[in-house]
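In what follows, chains are A, B, ... by sequence order, proteins preceding strands, each numbered from 1.
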Amino acid sequence: MTTITIHINEKEYQVAPGKTILEVCRENDIEILTMCHLKGIMDVGACRLCLVEIEGVNRLLSACTTKVGANMIIRTDTERIKRYQRITTELFFAERNHVCSVCVANGKCELQQLGYKVGLDHIRYPFLYPQCEVDSSHPWYVMDHNRCIMCTRCVRVCNEVEGAHNWDVMNRGYQVRVISDFNTPWGESITCTSCGKCLHACPTGAIWPKAIVQGQLNKKPEIIEELMEKRAMKL
Amino acid sequence: MQKKKIATVWLGGCSGCHMSLLDIDERILDLVKLADIVKCPIVDGKELPEVDITLVEGSVTSDEHEREILHIRKQSKFVVALGDCAVMTNVTGMRNYFHLQDVIDTAYVNAISNDREGQLPDHPALLRLNDKVVPLQEVIKVDFVIPGCPPSADVIFYVLNEFLNDRVPDLSDVKKLRYG
Ligand code: SF4
Ligand code: SF4
Ligand code: SF4
Ligand code: FES
């Protein structure tokens, strides 16, 4: 097998071409923070948490969507990257309404975990306090836009894995929203099969099952990858 | 070593942070060896004297809180925002999604439990709610924050003990940092 040589944080690696920087880092236990990345679905580079520095490239690039190239010199741990990660995390919290103490995902939330990892003890930006809808029209699940960070994992899972394409994205900037069908209540969707995959893919308390209360949430985002692997084996 | 002075204050919060403070139990004896607790809402309501550390629970929700927090800043060498409400408004900030008048009407007039007899409270001695609830750091410079709803007694004790022994506490350890 042909390999290429790259450097990550001053160490040399021989890797197969065609992989993303994120894949190579994960294989070699180099920590990269991610939020919109989910194994089993396509990467879109939405959250900007996985940024890395590449020598000769002025701007930071997302590790999940950038492929390794021969002789790339990559850094994942600079102060500049850490500063951006902290800012990004703070903006997730400031943009919508995260009230962890009354959230179904409290203690089981990827956004909280991210906050702890970047050492976020307070948010330096003013909170926007937007009025966000809570769509509880689906018989089993709730979509709470207050807690959505627009990672679009639900959108991609529903589209790529379930093939239903119930979810999509509407508007831009702070008004951006995940929508069901053509912005109609989830419970009236003619595409949703009620499979629950979006719920498991969602990293926060934005999508949750009605049957549970705080402390009982048990999301399994890894089932998406398992499912895709099993499908691939049958082919 | 001269004994330090600690105060604790309760602004727009539910008192849960103070309950958590009480949960440090007998460890309070270690703290009072190093400091006097000179003001605390559980004890009395006198003016805040000059102190070394003030722990402030709750967010700033009214004209009275605003005056209080500015006074606290003047009197304290070190201000600690205690709990999610003080740090990021938390539950108290949930009214910020609505117009203040709608919130007040809902609570005092339109709530079913008012039996259609509800009246808006209007005594001059009462505080006036601000349009928006804000965390402490939007009004004053905060020196240290302890998030959590409530923060655990262990973390509160840890922070106080560090400060009283002239060390700077570090919450970046994942086990100490917590929201909700
Ligand atoms: S989704 Fe996560 S960060 Fe947001 S309120 Fe819920 S527990 Fe907190
Ligand atoms: S339950 Fe399944 S089909 Fe329905 S929106 Fe979620 S992923 Fe799509
Ligand atoms: S609902 Fe959940 S999965 Fe979908 S975009 Fe929002 S945070 Fe991501
Ligand atoms: S994980 Fe790469 S941009 Fe979100």
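Around atom OH of Tyr97(B), more than 12 heavy atoms belonging to other residues, nucleotides or ligands sit under 6.0 Å away. Counting heavy atoms of neighbouring residues, nucleotides and ligands inside a 6.0 Å radius, atom CZ of Arg167(B) exceeds 12 of them. In the displayed structure, Arg128(B) atom CZ is contacted under 6.0 Å by more than 12 heavy atoms of other residues, nucleotides or ligands. More than 12 heavy atoms of other residues, nucleotides or ligands sit less than 6.0 Å from atom NZ of Lys39(B). Around the OH atom of Tyr84(A), the shell of radius 6.0 Å holds no more than 12 heavy atoms that belong to other residues, nucleotides or ligands. Crowding of Lys39(A) atom NZ: a count of heavy atoms from other residues, nucleotides or ligands under 6.0 Å not exceeding 12. Within 6.0 Å of atom CD in Glu133(A), 12 or fewer heavy atoms from other residues, nucleotides or ligands are found, so the atom counts as exposed in its surroundings.
Side-chain atoms of Phe127(A) and Asn96(B), non-hydrogen and from C-beta on, never get closer than 4.5 Å to each other. Side-chain atoms of Pro147(B) and His122(A), non-hydrogen and from C-beta on, never get closer than 4.5 Å to each other.
Contact of Pro135(B) with chain A is made through the side chain alone, with heavy-atom distances under 4.5 Å. Using a 4.5 Å cut-off between heavy atoms, Pro130(A) touches chain B through its backbone atoms (N, CA, C, O) alone. No part of Leu128(A) comes within reach of chain B, as not one of its non-hydrogen atoms sits under 4.5 angstrom from that chain. The contact between Asp121(A) and chain B is made by backbone and side chain atoms together, counting heavy-atom distances below 4.5 Å.
Atom CZ of residue Arg124(A) and atom CD of residue Gln137(B) lie 10.5 Å apart, to the nearest 0.5 angstrom. In this structure, CG in Leu177(B) is found 10.0 Å from CD in Gln112(A), a value given to the nearest 0.5 Å. Distance check, rounded to the nearest 0.5 Å: SG of Cys100(A) to CZ of Arg178(B) gives 10.5 Å.
Put simply, of Ile123(A), Val118(A), Leu120(A), the one with the most heavy-atom pairs under 4.5 Å next to chain B is Leu120(A). Counting heavy-atom pairs closer than 4.5 Å to chain A, the top-ranked of the candidates Val142(B), Asp84(B), Thr89(B) is Thr89(B).
Using a 3.5 Å distance cut-off with no hydrogens or angles, the side chains of Ser101(A) and Tyr179(B) do not pair a donor with an acceptor.
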* Worked verdict on Tyr129(A) versus Met94(B) for side chain to side chain contact (heavy atoms under 4.5 Å, CB included) -> CA-CA 8 Å; Tyr129(A) 298 112; Met94(B) 291 175 85; over 6 Å; no
